[in-house]
Amino acid sequence: MPGRIAVVSDVHGNTTAFEAVLADIEARGITRIVNLGDVVGKGPRGSAAIALTRERCEVTVRGNWDTFIARDETQLWPAAQWTHDELSTDDRAWLLSLPNTHDLVMGGQHVRLFHASQVHEFHRVNYHHTEEEFRGMFTNTDFTGDGPTPTVVGYGDIHGTFLEVDLGLTLFNAGSVGNPLDAPGAPYVVLEGEIDGEESTAEPGSPGVSITFVRVPYDVEAEIAVARDLGMPDVEAYALELREQVYRGSAFPPPS
Ligand SMILES: [Mn+2]
């Protein structure tokens, strides 16, 4: 039967934006949500973002920030240490338990979702990329496992939405709910198609997957005020990102 799945990514501790997106998803009558990771980092309420994710998202894959914030007791810079220390032991264990990828069948297509690429959560594929990088996103690796290779891939990480359909393959980026760098408002994606159909590869006449990009306004100033009240380091850089979608810059990888 036809069904819909909402895909969110890169919440980054911004629960003001996340709650607005979750309300929009609920208002559309969509009950299934997949989260593409980077639940924490950059924003002030990582632990609350994890709680909301665990409550509302049926699957969450692990992002680069999720990994290094949860893994490293001593962080490279003060804001990262603050983010680490704001999480509970259980929060950090949960982040490290998350899967690399999530595969599903929709509209007769194999769909694969991950944070950054088929290589691992720290390996970035930008909006501007080569055909080799594009094709690579649809291949199997040690990181993805050896299931059927996908014809539809969705990811996050770069904080910029896009859709690219070429060579019989569909690549989309869900953008960043909590820290968009492409346009104002919190973005997410709705996938629509037959969910309970038989598994198959793309065939002529296959209905395929409909992909809808949604952008939800939220109270940016309220989010900045929370970050300030909680004493988050680098709050002015955070404010600039949220107000103007201007990346703060950092000497420390990984930036997004
Ligand atoms: Mn990110």
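As the structure lists them, so they are numbered: ligands from 1, and atoms in each ligand from 1. If you're wondering where the values come from, they're calculated on a predicted model, not measured in any experiment.
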Show which side-chain atoms of residues 16-24 pair as donor or acceptor with protein atoms under 3.5 Å away, not counting sequence neighbours.
| unit_1 | atom_1 | unit_2 | atom_2 | d |
| --- | --- | --- | --- | --- |
| Thr16 | OG1 | Arg45 | NH2 | 3.0 |
| Thr16 | OG1 | Glu223 | OE1 | 2.6 |
| Asp24 | OD2 | Arg28 | NE | 2.8 |
| Asp24 | OD2 | Tyr188 | OH | 2.6 |

Let me check your reading of the structure: within less than 2.8 Å of the Mn ion (ligand 1), is there an N/O/S atom from His12?
yes
Do the ring planes of His129 and Phe162 sit parallel (below 30°), tilted (30 to 60°) or perpendicular (above 60°)?
tilted
Measure the acute angle between the ring planes of His123 and His120, then classify it against the limits of 30° and 60° as parallel, tilted or perpendicular.
perpendicular
Where the Mn ion (ligand 1) is the vertex, angle from Asp38 OD2 to Asp10 OD2 to 10°
100°
Restricting to N, O or S atoms of His159, which is nearest to the Mn ion (ligand 1)?
NE2
Pairwise salt bridge (charged side-chain N to carboxylate O under 4.0 Å, His left out) hits with a residue in residues 96-114, at least two apart
Asp103-Arg112
